[in-house]
Undergrad: 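Take a look at the following structure, please.
The figures that follow rest on heavy atoms only: side chains count, while hydrogens, waters and symmetry mates do not. Throughout, numbering of the chain's residues begins at 1 and tracks the sequence.
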Amino acid sequence: MAEPDRTGATPARAAAASAAAGCVLAGTVAVTVAVVAGPGPGLTGYVSEAGIAGSAYAPTYRIGVFALATALLLLAVALPAALRVAAGLLAAGAACTALSGAVTCSDGCPLPPFETPTVADLVHGGASIAAMAATVLAMLVISCSPFAAPGLRRVARWGAAVALPLAGAVAVGLVTVGRGSLVGGLERVLLAAGVGWGLATASVLGLARRTDVRDGST
């Protein structure tokens, strides 16, 4: 009887997990299109530069960001009830992601200490950083929780093992070298790691219900 609590294998949670996977894919495609096709500086800039005011692809970028925020919220819903701390972190990450999409940065998305940002730049940058931090912390919480199913813990451990050092490298890069190809490249790899973890987690949660149904569990 304990296993359903560990997997979160209920119809509602499985549906939320499936919807989360769809939102991750849709959001990733939209943001990627905006970054690749938009007028941004490529790998030397931030991903957020695709959403600056005046860009033809800014609406596409914002739609993608809001889809990713929805995915985080759906993942929070899909997690087992015992993982409420991780769910809370993902919900906070969703709110911060939505804020980063709602508040656009100025041209170049300047950040301290090497550039002079506007208030909107600080809000956008702070929300983006907080969203990723909350997501990585959720990975760590799940990876250490005895209430998470083995598959869920395994995915979280792999995600944290990749995302945590990348997040640290981005943070160091921001305060030592600033905007450029190094930070821009690391940011993209970190976001890709987050996307991969989100898809894998949604798959584990969604498939858990299907396995229970085939096995005759209730």
Undergrad: Let me confirm one number: the CD1-OH distance from Ile52 to Tyr46, rounded to the nearest 0.5 Å.
TA: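 Nearest 0.5 Å value for the CD1-OH distance: 14.0 Å.
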Undergrad: Could you give the distance from CG (Leu191) to CG (Leu68), rounded to the nearest 0.5 Å?
TA: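 It is 9.0 Å, given to the nearest 0.5 Å.
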Undergrad: Between the side chain of Ser145 and the main-chain N/O of Val141, is any donor-acceptor distance below 3.5 Å?
TA: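 No, because the side chain of Ser145 does not come within donor-acceptor range (under 3.5 Å) of the backbone of Val141.
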Undergrad: Does Leu111 share a hydrophobic cluster with Leu182, counting links as ILVMFWY side-chain heavy atoms below 4.5 Å and allowing steps through other members?
TA: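 Both belong to a single hydrophobic cluster.
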Undergrad: Checking Ala58 now: which residues fulfil side chain to side chain contact (heavy atoms under 4.5 Å, CB included) with it, not counting sequence neighbours?
TA: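 With neighbours one apart ignored, the set is Ser55, Arg62.
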Undergrad: Val162 and Ala193: which non-hydrogen atoms are nearest, and at how many Å?
TA: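 Shortest heavy-atom separation between Val162 and Ala193 comes out as CG1-CB, 3.8 Å.
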Undergrad: Starting from Val29, walk the hydrophobic network (Ile, Leu, Val, Met, Phe, Trp, Tyr; side-chain heavy atoms closer than 4.5 Å) and list everyone else you reach, by chain and number.
TA: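 Taking Ile, Leu, Val, Met, Phe, Trp and Tyr as members, Val29 shares its hydrophobic cluster with Val33, Tyr57.
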Undergrad: Which heavy atom of Gly64 sits nearest a heavy atom of Ala30, and at what distance?
TA: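 In terms of heavy atoms, the two residues are closest at CA-CB, 3.6 Å.
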Undergrad: Considering non-hydrogen atoms only, spot the tightest contact between Gly51 and Tyr61 and give its length.
TA: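 Closest approach of Gly51 to Tyr61, heavy atoms only: CA-CD2, 3.4 Å.
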Undergrad: List the residues meeting side chain to side chain contact (heavy atoms under 4.5 Å, CB included) with Ala160, not counting sequence neighbours, and say none if there are none.
TA: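 For Ala160, the residues satisfying side chain to side chain contact (heavy atoms under 4.5 Å, CB included) (neighbours in sequence not counted) are Met139, Leu140.
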Undergrad: With rounding to the nearest 0.5 angstrom, report the CZ to OG distance, Arg154 to Ser143.
TA: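 Arg154 atom CZ to Ser143 atom OG measures 13.0 Å (nearest 0.5 Å).
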Undergrad: Of all residues at least two apart in sequence or in a different chain, which pass the side chain to side chain contact (heavy atoms under 4.5 Å, CB included) check with Val189?
TA: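 For Val189 the side chain to side chain contact (heavy atoms under 4.5 Å, CB included) partners, ignoring immediate neighbours, are Leu166.
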Undergrad: Give the cluster check for Leu186 versus Val136: same hydrophobic cluster or not, with ILVMFWY residues linked at side-chain heavy-atom distances below 4.5 Å.
TA: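 Linked, Leu186 and Val136 end up in one cluster.
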Undergrad: Tell me, please, which residues at least two apart from Val77 pass side chain to side chain contact (heavy atoms under 4.5 Å, CB included).
TA: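 Once residues adjacent in sequence are excluded, the partners of Val77 under the side chain to side chain contact (heavy atoms under 4.5 Å, CB included) criterion are Ala16.
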Undergrad: Linking Ile, Leu, Val, Met, Phe, Trp and Tyr by side-chain heavy atoms under 4.5 Å, what else ends up with Val36?
TA: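 Besides Val36, the cluster holds no residue at all.
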Undergrad: Please say yes or no: joined through hydrophobic side-chain contacts below 4.5 Å, possibly via intermediate residues, are Ile142 and Leu74 part of one cluster?
TA: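 No, no single cluster joins them.
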Undergrad: Main chain of Val183, side chain of Glu187: is a donor-acceptor contact present, judged purely on distance under 3.5 Å?
TA: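 No, the answer is negative, given that no donor and acceptor are paired below the 3.5 Å cut-off.
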Undergrad: Is Leu73 reachable from Phe66 through a run of hydrophobic residues whose side-chain heavy atoms are each under 4.5 Å from the next?
TA: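 Result: no, two separate clusters.
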Undergrad: List in chain and number order the residues that pass disulfide (SG to SG under 2.5 Å) with Cys23, two or more places apart in sequence or in another chain; answer none if no residue qualifies.
TA: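 Disulfide (SG to SG under 2.5 Å) list for Cys23, sorted by chain: empty.
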Undergrad: Could you list the donor-acceptor pairs under 3.5 angstrom formed by side chains in residues 79-97, with sequence neighbours left out?
TA:
unit_1: Thr97; atom_1: OG1; unit_2: Gly93; atom_2: O; d: 2.7

Undergrad: In Å and rounded to the nearest 0.5 Å, what is the CG to CG distance from Leu137 to Leu164?
TA: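 Here the interatomic distance stands at 8.5 Å.
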Undergrad: Sort and list the pairs that fulfil disulfide bond (SG atoms under 2.5 Å apart) and have at least one residue in residues 100-134, not counting sequence neighbours.
TA: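 Every pair satisfying disulfide bond (SG atoms under 2.5 Å apart) with a residue in residues 100-134: Cys105-Cys109.
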Undergrad: Are Val204 and Phe147 linked, directly or through intermediate hydrophobic residues, by side-chain heavy-atom contacts shorter than 4.5 Å (ILVMFWY only)?
TA: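 Yes; Val204 is reachable from Phe147 via cluster members.
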Undergrad: Apart from Leu199 itself, what residues make up its hydrophobic cluster when side-chain heavy atoms of I, L, V, M, F, W and Y under 4.5 Å apart count as a link, directly or indirectly?
TA: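 In the cluster with Leu199 are Val24, Leu25, Val195.
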Undergrad: Less than 3.5 Å apart, which donor and acceptor atoms pair up between the side chains of residues 118-135 and the rest of the protein, not counting sequence neighbours?
TA:
unit_1: Thr118; atom_1: OG1; unit_2: Ala120; atom_2: N; d: 3.4
unit_1: Thr118; atom_1: OG1; unit_2: Asp121; atom_2: N; d: 3.1
unit_1: Thr118; atom_1: OG1; unit_2: Asp121; atom_2: OD2; d: 3.0
unit_1: Asp121; atom_1: OD1; unit_2: Ser106; atom_2: N; d: 2.7
unit_1: Asp121; atom_1: OD1; unit_2: Ser106; atom_2: OG; d: 3.1
unit_1: Asp121; atom_1: OD2; unit_2: Ser106; atom_2: OG; d: 2.8
unit_1: Asp121; atom_1: OD2; unit_2: Thr118; atom_2: N; d: 2.9
unit_1: His124; atom_1: ND1; unit_2: Ser100; atom_2: O; d: 2.7
unit_1: His124; atom_1: ND1; unit_2: Val103; atom_2: O; d: 2.8
unit_1: His124; atom_1: NE2; unit_2: Ser48; atom_2: OG; d: 2.7
unit_1: Ser128; atom_1: OG; unit_2: His124; atom_2: O; d: 2.9
unit_1: Thr135; atom_1: OG1; unit_2: Ala131; atom_2: O; d: 2.9

